[in-house]
Amino acid sequence: MVKFYNTFTKKKEEFYPIEDKIVRMYTCGPTVYDFAHIGNFRAYVFEDLLHRFLEYIGYRVIRVMNITDVDDKTIKGAKKEGISLKEYTDRYIKYFLEDMDILRLKKPDFMPRATEHIKEMVQLIKKLLDKGYAYYKGNSIYFSISKFPNYGKLSGIDLSNVKIGARVDSDEYEKEDVRDFVLWKEAKEHEGVYWETEIGRGRPGWHIECSAMSMKYLGETFDIHTGGVDNIFPHHENEIAQSESATGKKFVNYWLHCAHLLVNGEKMSKSKGNFYTLRDLLSKNYNPVAIRYLLLSAHYRDPLNFTEKSLKQAENTVKNYNEFYQGLNICASEKNNPVIKQEIEKAKKSFIEGLSDDLNISFSLSSIFNFIKNINVFFSKGEFGKENVKEVKDFIEDIDRVLCIIEKKEESLPAEFLNLIRKREQARKNKDFVEADKIRDFLKQKGIILEDTPYGTRWKKIK
RNA sequence: GGCCUGGUAGCCAAGCGGGAAGGCAGCGGUCUGCAAAACCGCUAUUCGCCGGUUCAAAUCCGGCCCAGGCCUCCA
């Protein structure tokens, strides 16, 4: 049984999708005006874990991640460089997709761009106008929150506490209620970005794209909607209001939000200059898999404090984990140990148990590390056969469908080095340790570490 | 000011009423020709602080301190 903490009910709930064995899931994606930073990626890694885990336990996941390619920041950025909006956003979309690959993030089934769904947004806004939930002020269109009694339920916000008139755009027309939000923005000549539509000349507000695109690909009611906690209000609150007003149906069954990433204990912000992009870290030679591991290894609803020290720790963990995985091959014994299979079953059960409990990854990881410890005991005692190697490798690869932290190195050595290793083994048999150590030292200088095991000598390259 | 999280060893991090998981780092040992790897042991009489409830609290309640989030665009 899988449980998730649902922001809407503020409780951990058993998870049942609408359609048996199929999960429809929407994850708020990037606004493509710059490189994404690791804070953004924390959310995407969390969503990736959710996606992969649901598939691991047998669900078919249909996932949508939107790309916001029209808003104030993208328009401003394109204008500043004197290029078209499309040219500008295409560039950052490309970078984003590259970053996703580097962090081994699974591609959602759909990554719709807002600018390619103007028609759907217009239809939705029209519906809201027809039903009386939206109104024109000038040529802009607003959603009237007073018409939606449940407004504020997701965020638990008390509307009377929302600061009134905190920000008034000079060219924004008077809204009926300052807390109303914009669905459609009247074209501004200086922006030069607008669409001629039946509801007027303009561009969409931010919130409407997620409602229009999620419902297009997932239906009017779907299972899971995710994002960072900062999306709860007003973004997701507004999505619920406009979607449910338009359809008269429940929009989303489970809302999952991840906490923020801190950098050195502080909020990440441009003014402090304390944010990292993925590229910043890669240029410092950090292992991208370790970045993934670090973002993955803390519970998604707890704030995660990112430091380079913790990243180095993550690198060591990932390295040890992979050395375990890669080092199994050496074993060539025919003697099979039947206990290994039981260990695998035990570990797999705990692994699933942890993640089933609102993605308690720490619990799952501890079961895997305990498993590795147990396997190492059998391995170093020589109670481990060729068949066991396959079983254990298969298991590590199996859970890697969720974790994605193994590195399959198809490394080889030049024949001369392999000959040296054979020569050294012969020397050791002859008790010629001077010669043996000479060869070992030589190879070490070449970046090759030798390890003698009960099954023979194995080698690995220094990173 | 209102609402909401979190504070567990040197660092990261589970546990959320009755034995303080796991990872990283460090030290000692076993194994080894020597190493490496692995394993074993040690490193929190104690879980931000102060009270309270209870036979029993890191876990529940109250107060306080610290950090962070939302209330305005933000993963």
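What you see is a predicted model, and the numbers here were worked out from it, not measured in a lab. Chain A is the first sequence line, chain B the second, and so forth, proteins listed ahead of strands; every chain is numbered from 1.
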Out of B:rC73, B:rA75, B:rC40, which nucleotide sits closest to the side chain of A:Lys373?
B:rC40
Do we get A:Arg279 above A:Phe35's six-membered ring, with its NZ or CZ under 6.0 Å from the centre and within 45° of the axis?
no
When all nucleic acid strands are considered with a 4.0 Å heavy-atom cut-off, which category describes A:Arg458: base, sugar-phosphate, or nothing?
sugar-phosphate
Which nucleotide in the set B:rC39, B:rA75, B:rA37 lies at the smallest distance from any side-chain heavy atom of A:Val377?
B:rC39
Using a heavy-atom cut-off of 4.0 Å across all strands, would you classify A:Leu450 as base, sugar-phosphate, or nothing?
base
Is any side-chain N or O of A:Asn376 closer than 4.0 Å to OP1 or OP2 of B:rC39?
yes
Using atom P of each nucleotide, how far apart are B:rG62 and B:rG22 to the nearest Å?
33 Å
Nearest of B:rA37, B:rG69, B:rA35 to any side-chain atom of A:Asp452?
B:rA35
More than 12 non-hydrogen atoms from neighbouring residues, nucleotides or ligands closer than 6.0 Å to NZ on A:Lys429, yes or no?
no
Those residues that, when tested against A:Tyr321, pass ring pair (Phe, Tyr, Trp, His ring centres under 6.0 Å) (two or more places apart):
none
Is B:rC42 paired to anything, Watson-Crick or G-U wobble with both distances less than 3.5 Å, and if yes, which nucleotide?
B:rG26
Side-chain N or O of A:Asn320 less than 4.0 angstrom from OP1 or OP2 on B:rC24?
yes
Is there a Watson-Crick or G-U wobble partner for B:rC3 with both distances under 3.5 Å, and if so, which one is it?
B:rG69
Looking at the side chain of A:Asn316, which of B:rC71, B:rG69, B:rA25 is the nearest nucleotide?
B:rA25
Applying side chain to side chain contact (heavy atoms under 4.5 Å, CB included), can you list everything that pairs with A:Pro112, at least two apart in sequence or on another chain?
A:Val64, A:Phe110, A:His117, A:Met213, A:Tyr217
Under the ring pair (Phe, Tyr, Trp, His ring centres under 6.0 Å) rule, collect the residues that match up with A:Phe371, sequence neighbours excluded.
A:Phe395
What residues from residues 433-441 of chain A pass a heavy-atom cutoff of under 4.0 Å to RNA chain B?
A:Phe433, A:Asp437, A:Arg440
A:Thr68: which residues meet the side chain to side chain contact (heavy atoms under 4.5 Å, CB included) condition with it, sequence neighbours left out?
A:Thr31, A:Asn66, A:Asp71, A:Trp206, A:Glu209
Stacked cation flag A:Lys393 on A:Tyr325, 6.0 angstrom / 45 deg:
yes
Spacing of the P atoms in B:rG28 and B:rU43 (rounded, Å):
15 Å
Base, sugar-phosphate, or nothing for A:Ser366, non-hydrogen atoms under 4.0 angstrom?
base
Sugar-phosphate means primed atoms, P, OP1 and OP2; the rest is base. With that split, encode nucleotides 4-18 of chain B 5' to 3' as B, S or - using protein heavy atoms under 4.0 Å.
--S---BBSSSS---
Apply the test side chain to side chain donor-acceptor pair (under 3.5 Å) to residues A:Asp230 and A:His260: give CA-CA distance (whole Å), side-chain angles for both, the deciding distance (0.1 Å), then the verdict.
CA-CA 8 Å; A:Asp230 48 355; A:His260 273 126; 3.2 Å; yes
A:Tyr26 vs A:Phe222 aromatic rings, parallel, tilted or perpendicular, using cut-offs 30° and 60°?
tilted
Any-strand Watson-Crick or G-U partner of B:rA9, both distances under 3.5 Å:
none
A:Lys153 NZ - B:rC70 P separation (whole Å):
24 Å
Same-atom distance (C1') from B:rA75 to B:rG68, integer angstrom:
15 Å
Look at the aromatic rings of A:Tyr44 and A:Phe41 and report parallel, tilted or perpendicular, splitting at 30° and 60°.
perpendicular
At 4.0 Å (heavy atoms only), tell me whether A:Leu261 reaches a base, stays on the sugar-phosphate, or touches nothing.
base
Students often get this wrong, so: under 4.0 angstrom with heavy atoms, is A:Gly39 touching a base, only sugar-phosphate, or nothing?
base
Using Watson-Crick or G-U wobble geometry with both distances under 3.5 Å, which nucleotide pairs with B:rC64?
B:rG48
What is the pairing partner of B:rU59, taking Watson-Crick or G-U wobble pairs with both distances under 3.5 Å in any strand?
none
